[in-house]
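Taking it in order: structure first as structure tokens, then the write-up.
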Amino acid sequence: MEGLTTAESPQTAGKEPALTDPDDRHHLIVPPEPRQRPRQQRAHETKAKILKAAARSFSIDGYAATSTNDIVAEAASTKGAVYFHFDSKETIARELINHWLTALGGIRQSTDESAIPAIEKLAAFFNGSATLIADDALARAGLRLTTEAGLDTAPPAFREWVELVSRLVDTAIADGQLPASAAQRLAANLCAGFIGAVQVIQVLGDPGDFTSRIDDLVNAYLISDA
């Protein structure tokens, strides 16, 4: 009825109405739902997936026997995605080889910075390389690709690795820890022996302690040349 007013409770009588939103939260901008990953991140993840798939295929079947379709299938991707990131199968192989060589360069730098005799640096370099091969599938594929006869970038990559080892050998020779006759021959033999050890382990399927096997290999060569 007109003239009637709503009765106030004893608690609210004579008081200002309570604020239902004292912090004015209704006017805050509510963060949107999480959006899809940025395009650049998705592209990076796709490229990494393709490289891992190619590394598996190259390591098992070799370069010549692996087709682009094999890599597409292994990556559960599409040809369009593969060719968006890589011009060809050889481009993928080249990136894996570069990954291997770059990692070797990091190991070499680490051994150079250690305060140990030159001959021990040589052994430490191969020990670090063995750890890399055991842990990094991309590096493992890159190593195998340096031995592929049908890949133009393989011989220069292998020579670069041998040259890297040769510099370590030369330092040990200069320090009187190895005879001068050990120069290029020892570096090439160590690299070839390393590859052989990796291939034998892959065939036998019994990796064991790979770093210990490589330590034994390097020590055998160093003792024979001491």
Side-chain angles (χ1 to χ4, degrees), residues 33-108 126-162 164-165 191-214 217:
E33 292 294 322
R35 293 182 297 177
Q36 291 185 342
R37 291 165 296 164
R39 181 177 300 176
Q40 185 175 8
Q41 180 183 349
R42 294 199 305 274
H44 176 78
E45 292 172 354
T46 299
K47 182 178 180 180
K49 183 172 71 171
I50 293 168
L51 281 172
K52 289 179 182 178
R56 287 192 296 271
S57 296
F58 290 147
S59 294
I60 296 171
D61 300 321
Y63 178 78
T66 298
S67 67
T68 302
N69 286 337
D70 293 330
I71 296 172
V72 169
E74 182 69 26
S77 188
T78 64
K79 261 192 176 180
V82 171
Y83 283 115
F84 176 81
H85 293 284
F86 303 100
D87 293 336
S88 63
K89 181 180 74 168
E90 184 175 358
T91 306
I92 301 174
R94 190 181 304 121
E95 181 142 348
L96 290 170
I97 290 174
N98 287 339
H99 177 85
W100 159 242
L101 293 176
T102 299
L104 286 180
I107 295 169
R108 169 66 195 274
F126 276 97
N127 183 278
S129 301
T131 300
L132 173 68
I133 288 298
D135 296 340
D136 188 336
L138 301 190
R140 199 156 53 245
L143 168 63
R144 169 158 182 173
L145 288 166
T146 64
T147 67
E148 293 282 353
L151 188 58
D152 291 342
T153 53
F158 185 79
R159 287 194 295 269
E160 183 175 340
W161 181 25
V162 172
L164 196 65
V165 176
C191 292
F194 186 94
I195 289 175
V198 172
Q199 291 177 337
V200 167
I201 287 170
Q202 287 179 331
V203 170
L204 297 180
D206 179 24
D209 186 352
F210 182 59
T211 54
S212 294
R213 294 172 187 263
I214 295 301
L217 170 73

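Every value quoted in this text rests on a predicted model; they were computed, and no experiment measured them. For reference, positions follow the sequence shown, starting with 1. These values consider heavy atoms only, across backbone and side chains, with no hydrogens, waters or symmetry-generated copies.
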### Message
Closer than 3.5 angstrom, by distance alone: can the side chain of N98 be matched with the main-chain N or O of E95 as a donor-acceptor pair?
### Response
no
### Query
Rounded to the nearest 0.5 Å, how far apart are CZ of R94 and OG of S88?
6.5 Å
### Message
Quick check: closest heavy atoms across A139 and I133, and the distance to 0.1 Å?
### Response
O-CD1, 3.8 Å
### Query
If you look only at pairs with a residue in residues 51-101, which of them pass as a ring-ring contact (aromatic ring centres under 6.0 Å, His included), with sequence neighbours excluded?
F58-Y63, W100-W161
### Value rounded to 0.5 Å, distance of CG in L96 from CG in L51
5.5 Å
### Summary
Tightest non-hydrogen contact, residues I214 and A130, listed as CG1-CB, 3.7 Å
### Query
Quick one: does L104's side chain get under 4.5 Å of L164's, heavy atoms only?
yes
### 4.5 Å side-chain heavy-atom contact, R140 and L132
no
#### Entry: Non-hydrogen atoms of L101 and A157 that approach each other most closely
CD2-O, 3.8 Å
#### Entry: Under 3.5 Å donor-acceptor, T131 side chain and N127 backbone
yes
### Task
Give me the ring orientation class for F194 and F126: parallel if the planes are under 30° apart, tilted from 30 to 60°, perpendicular past 60°.
tilted
### Message
So, taking the atom named OG1 in T68 and the one named CD in E90, what distance separates them when rounded to the nearest 0.5 Å?
### Response
11.5 Å
### Interatomic distance, I92 atom CD1 to K47 atom NZ [nearest 0.5 angstrom]
10.0 Å
### Task
Drop me the distance from R56's CZ to T66's OG1, to the nearest 0.5 angstrom.
12.0 Å
### Message
Looking at K49, I want to see if its NZ is surrounded by more than 12 non-hydrogen atoms of other residues, nucleotides or ligands under 6.0 Å.
### Response
yes
### Message
Using the rule side chain to side chain contact (heavy atoms under 4.5 Å, CB included), only one of L145, I97, I195 pairs with F158; which is it?
### Response
I195
#### Entry: L138 versus A55, closest heavy-atom pair with distance
CD2-CB, 3.7 Å
### Message
Distance check, rounded to the nearest 0.5 Å: I60 atom CD1 versus E74 atom CD?
### Response
6.5 Å
